[in-house]
Structures are given as structure tokens and as C-alpha cells.
Number of protein chains: 2
Amino acid sequence: MLQVSRKFEYGLHAVTYLATKGLGRVVTVKEMADEIGFSQEFLSKAMQSLKRAGIAASVQGVKGGYTLGKAIDEVTVADIALAIEGKPHLVRCGVKADRCEIFSSCHHRGYMNTLQHKIQALLAATTIHSLLKEIEG
Amino acid sequence: MLQVSRKFEYGLHAVTYLATKGLGRVVTVKEMADEIGFSQEFLSKAMQSLKRAGIAASVQGVKGGYTLGKAIDEVTVADIALAIEGKPHLVRCGVKADRCEIFSSCHHRGYMNTLQHKIQALLAATTIHSLLKEIEG
DNA sequence: GTTTAATAGGGTTAAAATAGTCCTATTTAA
DNA sequence: TTAAATAGGACTATTTTAACCCTATTAAAC
């Protein structure tokens, strides 16, 4: 259905939230979940993915939490999608050839691949910095 | 995960298959399923959707089947996606506001909407005619 | 007229993906 | 030592997608 996952939406909100708080400020998952308005446990998973990708940095222990791991003009929406949803596959055969019954005779692969790259380029064209500017007006 | 549905893939293959056969030729679902290589029953559903949208035309009864309903330069990949998957909703709140817990406080809606429109524009930029040229080289 | 091969489509089941929860371990400030 | 946080594995529930089954309708051929 060409829809992003909720986990991605959560992650994007979290990153923009962290960004408005500034690079230094350590924010707990609880605070973000309360402030933005969704499930703490699930947001926590998104944060772990963002951390592994270096987009967020974490501080463990009491007084711990998350901060941004990179400058806001060095992270794009595509990076966040990659961190949370993994490599994009517009069509099944991208995941694994044997996912498609007609892999060998398929004529659309070239087109679908370029289409996917173009969509990726759209996501990569927005940095958190530019997204914030759009939000704040 | 930003992936198109299999039904859409089926439909796109069917449309390009019909296109190579020419506007006049009536083709059965069985022939297409055999030739392209997938489930007749499921492809049948895709064809019904394409027919409702006017992209395919049908002939009932013995010797019946499907033909293209429009000229190949008047149908875009976006039209096929719309016919088969319905109106696109990149994010849940597009489907229905109450699908999102934070609808009223959400800051990303504007961006996600423009992103969606850009993706639609990508799909709308390819007609069956241009897709065939790409395939046939 | 009857048979046959096709589309039309409702309804149900099966499988896969997504979302969400639970539990335990680890870390570190107080 | 306690408490508040991240880390992450394992499990469950929900939703979506894919597939299947069955019956009706249509129209050519006989």
C-alpha cells in the first residue's frame, strides 16, 4: 500500500523532538513518549534502532536517555527510514529473488529499481534541519 | 516498509502483457496467468479492479477475456496503482484521523503530504507507453 | 435449448507483516 | 545498595495481504 511503518513515524517524531531540545540535552524515552503522545515501550525500540545507526546517542543509567548523535543537517529522512525499516525494497524480488515466481522472466525489474531509487532520493533530499524549518515556518 | 502490493505487480504485468498484444486482441485471465506465471484466481481480482477503473475492458462469455480499455499513452503507473490499491496514504492519519493518537499535535503532516504527492508524481510520470519502450529497449 | 468457457464478485481462510507487550539484564547516579 | 534509565530477546496480538472457494451471470458453439 506504499505506506511507512508506525515505527518510522515514531522515530521521526522523536528525532525532531530531540532536535528542538538541542544537541546537549539528554531526554528519556518516557519524556518523549509523554510529550509526543505514544507508547513508551514501542518508541524505545525505535530509539534503539536509531542509536545503532548513530542517529541518536544514548546515555545509560540513572539520568540517562537519548540525544542526537549527529548534526541536524547531516541526517536525512532517508537515513531514519534506513535505520528503522532497513534497506528499502519496493518489490518483493528485491528482498530475495525466490520471493518472486517470475523472477527470471520479469520485465519490470529495471523500472521498479529506478523508481525505488527516485523515491529514496526524495527522502534523502530532506534533512532534519530542513524539516524543522518547514515545521517552524 | 514502502512496498507495493503483489496485486499491483500482477496488474502491472497484465497491463503490459495486454499492451504488447495490441488494443484489439481479447486475452483470457488463464492465458495471462499461464504466460506471465502466476495464480489465475488472484490475477482475476486484479483484472476486475482494472476493469472498474476503465484501464481494462472485458468481454464476457465464451471467447471472452480482457483488452486494454485505454490507449497506452493515456494510462500511467499511478492510474494502475490507484485502480488496484485505492487512494494512497503514506501515513495512517491519511486514512482516517482517528488512526493516529497524536493527530491534533502532529507536526509532520504537511511534510508527509507533500512527500506523498511527490511519490505520486513519480508514478504518474510513467505511462504504459514509456514503460514498454523502456522494456523493449 | 443445453453445454461450455469465460468474467463478476461475495465470502472465507491462510499466511505474513506489523505493532505492541513482557521480562530480564546491564548501566550508573545518588 | 537502590533506583532509574537503556538494551534487547522473546512472545503475543492485531492488521493487512494473499489466496482460495463457491455461485451467479454472460454469450458463443453446438
Side-chain angles (χ1 to χ4, degrees), chain A residues 1-11 14 18 25-34 37-53 55-67 69 81 83-86 88-89 91-92 94-96 98-101, chain B residues 1-11 14 18 25-34 37-53 55-67 69 81 83-86 88-89 91-92 95-96 98-102:
Chain A
M1 209 218 261
L2 221 43
Q3 190 173 65
V4 299
S5 70
R6 185 164 294 218
K7 198 170 164 191
F8 167 80
E9 290 180 29
Y10 281 23
L18 287 178
R25 169 81 185 288
V26 175
V27 181
T28 66
V29 168
K30 187 172 184 310
E31 173 181 338
M32 283 192 280
D34 287 351
F38 33 53
S39 146
Q40 185 173 335
E41 289 257 27
F42 197 54
L43 176 59
S44 169
K45 298 294 186 190
M47 293 314 299
Q48 288 171 25
S49 299
L50 290 171
K51 194 230 156 176
R52 275 181 223 115
I55 294 169
S58 70
V59 177
Q60 286 195 316
V62 181
K63 299 274 176 187
Y66 290 96
T67 58
I84 289 183
E85 305 197 330
H89 299 291
V91 285
R92 280 159 192 71
V95 183
K96 208 151 173 265
D98 63 11
R99 289 271 212 134
C100 183
E101 318 87 334
Chain B
M1 209 220 259
L2 222 41
Q3 191 172 64
V4 299
S5 70
R6 183 164 298 216
K7 198 171 164 192
F8 166 80
E9 290 178 30
Y10 281 23
L18 287 178
R25 167 84 184 287
V26 175
V27 181
T28 65
V29 168
K30 187 171 182 311
E31 174 182 336
M32 283 191 281
D34 287 352
F38 34 52
S39 149
Q40 186 173 334
E41 289 256 28
F42 196 53
L43 176 59
S44 168
K45 297 293 185 188
M47 292 315 298
Q48 289 172 25
S49 299
L50 290 172
K51 195 232 155 175
R52 274 179 225 116
I55 294 169
S58 71
V59 177
Q60 286 195 316
V62 181
K63 299 274 177 186
Y66 291 95
T67 57
I84 290 185
E85 306 197 330
H89 300 291
V91 286
R92 280 160 190 69
V95 184
K96 207 151 175 264
D98 64 9
R99 289 269 213 136
C100 182
E101 318 87 334
I102 60 167

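Note on naming: letters A, B, ... go to the chains in the order of the sequence lines (proteins, then strands), and numbering restarts at 1 for each one.
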note = Picking from C:dA8, D:dA19, D:dT6, the nucleotide nearest the side-chain atoms of B:Arg6 would be D:dA19
note = Of the listed C:dG9, C:dA6, C:dA19, the closest approach to the A:Ser5 side chain comes from C:dA19
query = Does the pair A:Glu101/A:Arg92 count as a salt bridge with the N-to-O cut at 4.0 Å?
reply = no
request  = If a protein heavy atom is under 4.0 Å from the base, mark B; if only from the sugar-phosphate, S; if neither, -; do that for nucleotides 21-30 of chain C going 5' to 3'.
outcome  = BBB---BBB-
inquiry  = Below the 4.0 Å mark, does C:dA16 have OP1 or OP2 next to a side-chain nitrogen or oxygen of A:Arg92?
reply    = no
request  = Check whether any side-chain N or O of A:Ser58 sits under 4.0 Å from OP1 or OP2 of D:dA7, and answer yes or no.
outcome  = yes
Selected nucleotide, minimal atom distance to B:Lys51 side chain, candidates D:dA18, C:dA6, C:dA8 = C:dA8
query = Taking CG from B:Leu50 and P from C:dA8, how many angstroms apart are they, rounded to a whole number?
reply = 11 Å
message = For a quick test of reading the model, state the closest non-hydrogen atom pair linking B:Leu43 to B:Ala14 and the distance between them.
response = CD1-CB, 3.9 Å
remark   = Between CD of B:Gln48 and P of D:dA24 the distance, given in whole Å, is 16 Å
ask   = What orientation do B:Phe38 and B:Tyr10 show, parallel under 30°, tilted 30 to 60°, or perpendicular over 60°?
value = parallel
query = Once you round it to whole Å, what is the distance between C1' of C:dA6 and CG of B:Leu43?
reply = 14 Å
key: Whole-Å gap separating C1' (C:dA19) and CD (A:Gln40)   = 16 Å
query = Closest heavy-atom contact between A:Ile84 and A:Ala46?
reply = CD1-CB, 4.2 Å
key: Atom-to-atom span, NE2 of A:His89 to C1' of C:dA16 - whole angstrom   = 16 Å
ask   = Listed by chain and number, what are the ring pair (Phe, Tyr, Trp, His ring centres under 6.0 Å) partners of A:Tyr66, not counting sequence neighbours?
value = none
task = In whole angstrom, give the distance that lies between atom CZ of B:Arg52 and atom C1' of C:dG10.
result = 11 Å
task = In whole angstrom, give the distance that lies between atom CZ of B:Phe8 and atom C1' of D:dT16.
result = 18 Å
message = Are B:Val4 and A:Leu2 packed together at the side-chain level, in the sense that at least one heavy-atom pair is separated by less than 4.5 angstrom?
response = yes
task = Quick one: label A:Tyr10 by what it contacts on the DNA or RNA (base, sugar-phosphate, nothing), any heavy atom closer than 4.0 Å.
result = sugar-phosphate
query = C:dG9, D:dT6, C:dT7: which one has an atom nearest the side-chain heavy atoms of A:Val29?
reply = D:dT6
remark   = Correct closest heavy-atom pair for A:Ile55 and A:Ala83 would be CD1-CB, 3.9 Å
note = B:Lys7 NZ to C:dA15 C1', in whole Å, measures 17 Å
Which residue lies more 5' along DNA chain C, comparing B:Val27 with B:Leu2 via nearest heavy atoms = B:Val27
